[in-house]
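Single-structure report; data block below.
Note that these values count all heavy atoms, side chains included, but never hydrogens, waters or copies made by symmetry. Below, read A as the first sequence line, B as the second, and so on, with proteins coming before strands; counting in each chain starts at 1.
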Protein chains: 4
Amino acid sequence: MNVQSETADKRKAILETTLELIRQYGLQGTPISLIAKNANVAAGTIYHYFQNKEAIITELHNVIREEMLAEMFTEKNEGKDFRSQFFSGWTNLCRYFIANPGSLIFIQQYNSAPHFKGIKKKNNKIPVDKFSEFFQSGMDNGYLKKMEYNLVASVVFGAIMATAKYHITGRFDYTDQDLCKIATIIWDGIKLQ
Amino acid sequence: MNVQSETADKRKAILETTLELIRQYGLQGTPISLIAKNANVAAGTIYHYFQNKEAIITELHNVIREEMLAEMFTEKNEGKDFRSQFFSGWTNLCRYFIANPGSLIFIQQYNSAPHFKGIKKKNNKIPVDKFSEFFQSGMDNGYLKKMEYNLVASVVFGAIMATAKYHITGRFDYTDQDLCKIATIIWDGIKLQ
Amino acid sequence: MNVQSETADKRKAILETTLELIRQYGLQGTPISLIAKNANVAAGTIYHYFQNKEAIITELHNVIREEMLAEMFTEKNEGKDFRSQFFSGWTNLCRYFIANPGSLIFIQQYNSAPHFKGIKKKNNKIPVDKFSEFFQSGMDNGYLKKMEYNLVASVVFGAIMATAKYHITGRFDYTDQDLCKIATIIWDGIKLQ
Amino acid sequence: MNVQSETADKRKAILETTLELIRQYGLQGTPISLIAKNANVAAGTIYHYFQNKEAIITELHNVIREEMLAEMFTEKNEGKDFRSQFFSGWTNLCRYFIANPGSLIFIQQYNSAPHFKGIKKKNNKIPVDKFSEFFQSGMDNGYLKKMEYNLVASVVFGAIMATAKYHITGRFDYTDQDLCKIATIIWDGIKLQ
DNA sequence: AATGAATGAGCGTTCATTCAT
DNA sequence: TATGAATGAACGCTCATTCAT
């Protein structure tokens, strides 16, 4: 058990170190040698846990996507009315990125670098279903204007990324109240008038 | 004069080639040697026109920002009412990115890679003035809800980037009508009810 | 005893696996990790049976040389006349290599790579005695031209290696009859006219 | 011109250095870094002249094959009778390998390492024509026994390689006279009795 | 102004070997 | 006896940058 947890720790340490380094130096600015050094393992050890650098990146991507989903669709929301679910989902995800700047920077770089050498995104499918289902139900139940899901998505997710980005880069410090105001803007834009 | 224009041409060719290559291969996937080859100059020649790779990137950034500003605040709009100015400004910029995917990819990569090796952004100030003045005037004149400029900016620009990104990556083909619908969502969110 | 035979089995499995892998991937293309995997042992286990990779190679070399000797000087031949002994010895060894391509590839790579990293051949002496005694007896008894043993060896062994190599690499499929014809060429060349 | 010859020199130096190092350390024991050091160039410079390590190997192979052909079919032989052509061709090639041990070791390693990592032989066709034509003409004109070309080739080329190998590895010092004796063995074996 | 040969630090990755369990 | 995680030197190769011409 001790061994197992140590093993798990090493794998986890590599992932966490990588994410932190990517936050600081970017995807390309994070060589394996630096990951090894900061995770206190030998470079070769990394290849014991991951096939190559791409595999680390891919795994980080999957982990972060799971976390994002969990933030938006937390169990606490299940009984709430649609508007409340939207507000808490939106602000939760935004807060998640603000609290985990590494995740935001990672996602942005991952998405904006479709041609990074050695990083071929294979499964780029977005788990649209959960999101689109949520908004679709909002339209069906008379909370939202009727429109294509993709039009809503542009505004909703674009605003999350931009807000968190502005916050992280120090352009503006968004308080919780500010996040609610932004969510209100969006809500006013998408709700059935 | 002939010499001067040739010089200007060569400089321009380097910039344009670089942007096109970045569109195809990304910021990191575009070595100087490839720029030289595609721009039909020697690698060393590039260093006559630019101090280093970073200088090319910086200049491209400035160029693209000028173009973005020009799209949003075209002279044609000057006499129009506020709402029309917002709509044409927003859709123009969105269309600009859709028509110039290189610019979008460049901006996204540039912004999401704050620490790329050899690329240290020195002047990261956004020329907030023109944008913020525009929205401020909207609030002062009773068109928009009163709120911090940065809250509006998150939604407005976040939606532009996301929309163009979704379009370029093939996730969804936004028609002109779709762009208007998105602009309407945003307008409904920010306008004074 | 069970333990002993298991031990012997494991050792044998390592050697056999190594030879098969060398046939497929060559001396350099056969890492210890692959040997371990294919022999169903842990990498560390190999170092219980062999001091290092070189020791495996050296042992394989010795094994193959024993097999080669056994093929050439089989007991069946002992009563035969000199010419028959030559023919069956030559064709047997040739057939051995054709039937055991791994042995041929191993011997060729081993002999042609005198300085492979970590492989320093210490005892490169060829057990000339048995071969040279055989040919010497042929000369003494008036079957062969009188000449230095090494001159004969060049032709006899060179032809064996070349024939088996051509066969294995698919350049030409030598039938048993073909092998006899080649042996005849050599015999006609070395016999006392 | 000075520049050109210097450039040519550098390329040539890389090839010659590589061949010499392969003679000493083998194909796998010759890293690019060592070639660079011994050829007095930077490692990166090698990639200015050759696409990769494989390209150096391939070029060396082509060069050596040309030299081998030139040795066997020198113009001096053209008027001679068949037997003399055979003798001078055989001994010339043998002497070539003895005088250029690097070529022999290279050819042996190249041929015996079909799976060396990063070395995929593409054009492995043997220019059989010239050789087979020569021997065919010998059969047609009544100098040689009638038989498949490949049977002759095994003996003729096998003996060359083995003889040169024995000589180079110090197993036996073959004099010119010895080479003639070996050629005589082969001739007696293939000639029409 | 323009070239492109040359550099060498740095990259991702491999692998023989060790050693705590 | 057996394991396999861990090591780190070494590999082939890339690329931003320099400089003699």
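A straight line from OH of A:Tyr49 to P of F:dA5 spans 7 Å, rounded to a whole angstrom. Atom CD1 of A:Ile46 and atom P of E:dC11 are 12 Å apart (whole Å). Remark: P of E:dA9 and CG of A:Leu34 are 19 Å apart, rounded to the nearest angstrom. In this entry the distance linking CG of C:Asp9 with C1' of F:dA2 reads 16 Å, nearest Å. As a whole-Å value, the separation of A:Lys37 NZ from F:dA9 C1' is 18 Å. The distance between atom NZ of D:Lys12 and atom P of E:dA5, rounded to the nearest whole Å, is 19 Å. As rounded to whole Å, 14 Å separates atom C1' of E:dG12 from atom CG of A:Leu27. Nucleotide F:dT14 holds its C1' atom 11 Å from the NZ atom of B:Lys53, rounded to whole Å.
Considering only the side chain of D:Val41, E:dT7 comes nearest among E:dT7, F:dC11, E:dT3. Distances were taken from every side-chain heavy atom of A:Tyr47 (C-beta onward) to each of F:dT7, E:dG4, E:dT13; the shortest belongs to E:dT13. Distances from the side chain of B:His48 to the nucleotides E:dT13, F:dC13, E:dA1 place E:dA1 closest. Picking from E:dA2, F:dC11, E:dT7 the nucleotide with the shortest atom distance to the side chain of D:Ala42 gives E:dT7.
In this structure, D:Ile32 reaches the sugar-phosphate backbone alone: every heavy-atom distance under 4.0 Å involves primed, P, OP1 or OP2 atoms, never a base.
Taking A:Glu59 as the reference, A:Arg11 meet the side chain to side chain donor-acceptor pair (under 3.5 Å) condition, with sequence neighbours excluded. In terms of the side chain to side chain donor-acceptor pair (under 3.5 Å) criterion, residue partners of D:Ser103 (sequence neighbours excluded) are, by chain and number, D:Tyr96.
Where B:Asn40 and D:Asn40 meet DNA chain E, the nucleotide closest to each residue was compared, and B:Asn40 sits on the side nearer the 5' end. Each of A:Ser33 and C:Ser33 was assigned the nucleotide of DNA chain E with the nearest heavy atom; the assignment lying further toward the 5' end belongs to A:Ser33. When the nearest nucleotides of DNA chain F are assigned to A:Ala43 and C:Ala43 by heavy-atom distance, the more 5′-ward of the two goes with C:Ala43.
For F:dA2, the OP1/OP2 oxygens have a side-chain nitrogen or oxygen of C:Lys10 closer than 4.0 Å. Phosphate contact (OP1/OP2 of F:dT7, side-chain N/O of A:Thr45, threshold under 4.0 Å): present.
Consecutive Watson-Crick or G-U pairs involving DNA chain E, each under 3.5 Å on both distances, make up stems of three or more pairs at E:2-21 with F:2-21.
A donor-acceptor pair under 3.5 Å is formed between the side chain of D:Lys165 and the backbone N or O of C:Asn111. A donor-acceptor pair under 3.5 Å is absent between the side-chain atoms of B:Gln28 and the main chain of A:Gln28, judged by distance alone. Checked by atom type and distance alone, the side chain of B:Gln108 never pairs as donor or acceptor with a backbone atom of A:Ser112 at under 3.5 Å.
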Handout entry: D:Ile32 vs D:Tyr47, side-chain contact (heavy atoms from CB on, under 4.5 Å): CA-CA, chis, key distance, verdict
Key = CA-CA 10 Å; D:Ile32 291 286; D:Tyr47 291 86; 3.6 Å; yes
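Atom CE of D:Met68 sits about 11.5 Å away from atom CG of D:Asn100, to the nearest 0.5 Å. Rounded to the nearest 0.5 angstrom, C:Thr18 OG1 and C:Ile57 CD1 are separated by 6.5 Å.
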